[in-house]
Trainee: 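Mind having a look at this structure? Questions to follow.
All values reported here derive from a predicted model rather than from experimental measurement.
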Amino acid sequence: MYGLWRPRVLGAWKVPATGPAIYAVNHSHNIDGPMVLGVSPRPMHFLIKKEAFIGPLGPFLTGIGQLKVDRSSADRTAITQALGVLSDGGILGIFPEGTRGEGDFASLRAGLAYFAVRSGAPVVPVAVLGSSERRGRLVKGLPPLRSRVDVVFGDPFEAGDGSGRRTRKALDEATERIQKQLTAHLENARRLTSR
C-alpha cells in the first residue's frame, strides 16, 4: 500500500495492543480492505465475500488468513472461523454495511453486533477516506497512484450493554449503539482529515 499510494494513518495507537478486537471499516472502494490490512498495527483477518476468492486470488487470500463468507445465508463455517479469531485474541475486520456503498455506515447489517456481543470484543471504528474521490489515469478502477488515502482508527467501545444477553432485542440495541458510534467516528475523521 505504501508503494502505490500515500496512506496517512491516524489513531493507530488506539488499537488495543493485545486481546481480541473487531475493526468496523467503512467500505466505498475495493482498496479499503487491503489498505486497512496493510496499515493495521496488528495482524488481522477480514471477512471477505466468497466471490472474491476466484482464480489465484483465492489461495492468496486464504494463505494470508482472510476468511471466506457466503453472504446469501448464515455461513456457519465463516461464523465459527471468525469467532475462533476472536477467541484466540486476534483482530477481525468487518465491513458492517455488508457491501460497498457510500461508506457512511448508514445501513448496518446485524453481523457486527452479533460478533461483538457474542465475543465481548471491543469494536474499533476505522474510516478509510480518499479511496473513492478520484479515478486513476492508468487503472480507472483504482485511486490515482501516489494519491493520499487516510485511514483513521477510532476509540474502541463495547457494543453490548454489559448484560451478556444475546437476544434479538439485545442485538438490535447493540446495532443502534454501533451505528451511532461509527457515524460519530466518521464525522470526526472527516473533520481531522478535511475530507
Trainee: Find out whether L67 and L92 are in side-chain contact, i.e. whether some heavy atom of one side chain is under 4.5 Å from a heavy atom of the other.
Mentor: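 L67 vs L92: side chains touch.
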
Trainee: Tell me whether the count of non-hydrogen atoms from other residues, nucleotides or ligands lying under 6.0 Å of CZ in R168 goes above 12.
Mentor: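 Open: at most 12 neighbouring heavy atoms sit under 6.0 Å from CZ of R168.
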
Trainee: Would you mind reporting whether I64 and L37 have side-chain heavy atoms less than 4.5 Å apart?
Mentor: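 Heavy-atom side-chain distance check passes, below 4.5 Å.
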
Trainee: CZ of R76 to CD of Q81: how many Å apart, nearest 0.5 Å?
Mentor: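 Atom-to-atom, R76:CZ and Q81:CD are 14.0 Å apart.
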
Trainee: Side chains of T175 and L112: does their closest heavy-atom pair fall under 4.5 Å?
Mentor: no

Trainee: P20 and P122: which non-hydrogen atoms are nearest, and at how many Å?
Mentor: O-CD, 3.3 Å

Trainee: Hey, are the side chains of L10 and D150 touching, using non-hydrogen atoms and a 4.5 Å cut-off?
Mentor: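 SC-SC contact between L10 and D150 ruled out.
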
Trainee: State, with a plain yes or no, whether a side-chain heavy atom of P156 is found less than 4.5 Å away from one of P16.
Mentor: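 Touching, per the 4.5 Å side-chain cut-off.
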
Trainee: I need the I178 CD1 to E158 CD distance, nearest 0.5 Å.
Mentor: 10.5 Å

Trainee: Side-chain contact, heavy-atom cut-off 4.5 Å: F153 with Y23?
Mentor: yes

Trainee: Is the number of heavy atoms from other residues, nucleotides or ligands under 6.0 Å of K14 NZ greater than 12?
Mentor: yes

Trainee: Mind listing the closest non-hydrogen atom pair of R42 and G89 along with its distance?
Mentor: NH2-O, 2.9 Å

Trainee: Output all residues satisfying ring-ring contact (aromatic ring centres under 6.0 Å, His included) with F46, sequence neighbours left out; order by chain, then residue number.
Mentor: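 ring-ring contact (aromatic ring centres under 6.0 Å, His included) check on F46 returns F95.
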
Trainee: Do any N or O atoms from the side chain of S87 and from the backbone of G84 form a donor-acceptor pair under 3.5 angstrom?
Mentor: yes

Trainee: Answer yes or no: is there a side-chain heavy-atom contact under 4.5 Å between R177 and F157?
Mentor: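 The answer is no, as the side chains (C-beta and beyond) never meet within the 4.5 Å cut-off.
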
Trainee: Report yes if the side chains of V36 and M44 come closer than 4.5 Å at any heavy-atom pair, otherwise no.
Mentor: yes

